[in-house]
Protein chains: 2
Amino acid sequence: MSQSAEQKWQRRKEERPAEIMEAALTLFSEKGFAATRLEDVAEAAGVSKATIYLYFDSKIDLLLANVQEIALSRFDEIETMLSLYDGKIADLPTLLLGRVSEIARTTKMPDLARVVMSEAHNFPEIADFYRDNVVKRGLGIIAGIIARGIESGEFRKCDPAATAQSVMFPIIMNVIGRKTFGEIPELDPMKFFPSHIDFVLRGLAADKEA
Amino acid sequence: MSQSAEQKWQRRKEERPAEIMEAALTLFSEKGFAATRLEDVAEAAGVSKATIYLYFDSKIDLLLANVQEIALSRFDEIETMLSLYDGKIADLPTLLLGRVSEIARTTKMPDLARVVMSEAHNFPEIADFYRDNVVKRGLGIIAGIIARGIESGEFRKCDPAATAQSVMFPIIMNVIGRKTFGEIPELDPMKFFPSHIDFVLRGLAADKEA
DNA sequence: GTCTATATAACGATAGAC
DNA sequence: GTCTATCGTTATATAGAC
C-alpha cells in the first residue's frame, strides 16, 4: 500500500496472516481448494510462498484458519450470549436466526461453507475438523436451546438433535445454493429468512392447552 | 469378463449407455467430476473412450444423463402421483417425504446431489441445468402442494416458495452431510426423518380456531 | 457381403514442470 | 517463458451381427 518504490518488502508481521488468509479464501472460493496453488495465494497476498509457511503449516491449515476465524470465533460469541441470556427461551430462535442471517450477509461464511462442503470429501483432515468443530458444535448449540425450551415448557417435546437440523439446514442450504447457482427468485433471502423463522417457531411451539 | 481370449469386443448396444452412466457416476462420486478422466470411465465400463462418445455428447452430458435418469424421471413419477391424488392435502407432506426418504435410501441420488453441489460452481452448464430442472422444479412441486393446502384451508397462509425450502432443504443437507462427513450419530436418518416430518406438519398446519 | 458398433490412434487446447 | 504431458474430443480403421 504505502510502501516506497525502492523498498522490496516491509515487515508487517501483524497484518500478514489476515491478508494471506483472505487471499486464500478468495481463491479457494473462485477456483476450488484443490485447484488453487499456494503460489497463486502468495501472489494475491503480495508475499512469497515461503512467507505463507511462516504463518501456516500447510494449505489445509490455511483453510482451517479461516474456519477458526470466520465460524468458530462466532460460535464463541454466540455461546457467551446464550450463557448470559435470561429472557424467554421462546424468543431465542428469532434472536439466533437473526444473528445467523447477519453473519451470512456480512461475512464470508457462505463462501467458506461452500468450499468445505465441496471439497471435504476429498480431504479427510478438512472433513474431520469441520465435522467436529462446525457441524457437531453448531447443531449442538441449536439442540441446547431446544432442550432448554422443552424443559421450560415453551417448546413441545421432540428430539433436540434431530430437530436442530430442521432449524439450521434450510439456512445453510439457501446460502450455499445461492453461491452455487447464483441469485434466483426462488431463493430470495428477503423472503426466505422471515418465512423460515415463522416456520421454526411453529415447528417448536408447545401444544396449546385444550 | 466372460468373453473368450481372442474376442476383442462385443456388440451390446442396449446395455452400454446404462453401464457407462453408472461407471461414470461411481467415479465422479469417488474422485470428483473434474478429477475423473474419461479414460477411467471407459475402463470401468469396459469400453473405449470413443464408445462413450457414441452415446453421450460430452463428459458434462454424461453427468446430466445421470441427473435425468436418477432425479428427473422420479419427478415425473411424483407429479403423476400428485395429479391423481384426491385425498386430504394435509396428508401429502408425509406421503411425499416418505417417498423422498425411500429415494434417498435406495438410489444414487445422494451421491449425485453431492457431486453436483460440489462442482456446479466450476461448470456453468451443470449449474444451469440442475438449477432449472432439479432445484426450481423440485421446490416448485413442494410449493404447489403447500399452495393447494392453503387454498383448501388445511395449511396456514404462508409464502409457498419460501416455505418449500424449510420443508425440503433439511433432507438434502442431511443426506449430503452424511455423504460428506460420514455417518455420525447427530445425522442418524432413522431419527431425523420422522422428526422432520413432524416438524413440517406443525410448521404448515393451519391455526386452530379460537 | 453389408451395416454399424467398437477400437485404435491422432488432434488440439490447456495446464503444470523446469 | 518455453516445453511437455495430459485429457477431452474426433477421424479413421476393423471386427462382429445378420
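Naming convention: chains lettered A, B, ... in sequence-line order (proteins, then strands); numbering from 1 in each chain.
In summary, the aromatic rings of B/F169 and A/F169 are positioned with their centroids too far apart to meet the 6.0 Å limit.
Using the six-membered ring where Trp is involved, A/F123 and A/F33 have ring planes that are perpendicular, over 60° apart on the 30 and 60° scheme.
Rounded to whole angstrom, the span from the NZ atom of B/K59 across to the P atom of D/dT6 amounts to 16 Å. To the nearest angstrom, P of D/dG8 lies 15 Å from CG of B/N122. One atom, CD1 of B/I52, and another, C1' of C/dA7, lie 13 Å apart when rounded to the nearest Å. In this structure, the CG atom of B/D40 is 15 Å from the P atom of D/dT9, given to the nearest Å. Here the P atom of nucleotide C/dC3 and the NZ atom of B/K13 are 16 Å apart, to the nearest Å. A straight line from CH2 of B/W9 to C1' of D/dT14 spans 8 Å, rounded to a whole angstrom. Rounded to a whole Å, the CD atom of B/E14 is 15 Å from the C1' atom of C/dT6. Between the C1' atom of C/dA7 and the CZ atom of B/R16 lies a distance of 11 Å, rounded to the nearest Å.
For residues 188-205 of chain B, the pairs satisfying salt bridge (Lys or Arg N to Asp or Glu O under 4.0 Å) are A/R156-B/D198, A/D207-B/R202, with sequence neighbours left out. Among residue pairs with one or both ends in residues 60-69 of chain A, none qualify as side-chain hydrogen bond (donor to acceptor under 3.5 Å, both in side chains); sequence neighbours excluded.
Residue B/Y55 is in sugar-phosphate contact alone, with no base atom involved, counting any heavy-atom pair closer than 4.0 Å across all strands shown. At a threshold of 4.0 angstrom between heavy atoms, the contacts of B/L54 include nucleobase atoms, whether or not backbone atoms are also involved.
For B/S48, the side chain to side chain donor-acceptor pair (under 3.5 Å) criterion is met by B/T51, not counting sequence neighbours. With sequence neighbours left out, A/F56 forms a ring pair (Phe, Tyr, Trp, His ring centres under 6.0 Å) with no residue at all.
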Should A/D132 and A/R137 be marked as a salt bridge (charged side-chain N to carboxylate O under 4.0 Å, His left out) after you check the CA-CA gap, both sets of side-chain angles, and the distance that decides it?
CA-CA 7 Å; A/D132 292 341; A/R137 188 174 167 198; over 6 Å; no
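For the OP1/OP2 pair of D/dA15 and a distance below 4.0 Å, the side-chain nitrogens and oxygens of B/R11 include no atom meeting the criterion. Between B/Y53 and D/dT10 there is no side-chain polar atom (N or O) within less than 4.0 angstrom of OP1 or OP2.
In the helix from C/dG1-D/dC18 to C/dC18-D/dG1, the end axes, each obtained as the rotation axis mapping the C1' atoms of four pairs onto the next four within a five-pair block, lie 20° apart to the nearest 10 degrees.
Residues B/K108 and B/T26 bring a donor and an acceptor atom of their side chains to less than 3.5 Å of each other. Side-chain atoms of B/H196 and A/S166 include a donor-acceptor pair closer than 3.5 Å.
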Going 5' to 3' along nucleotides 8-18 of chain C, which nucleotides have protein heavy atoms under 4.0 Å from the base (write B), which only from the sugar-phosphate (write S), and which from neither (write -)?
B-------S--
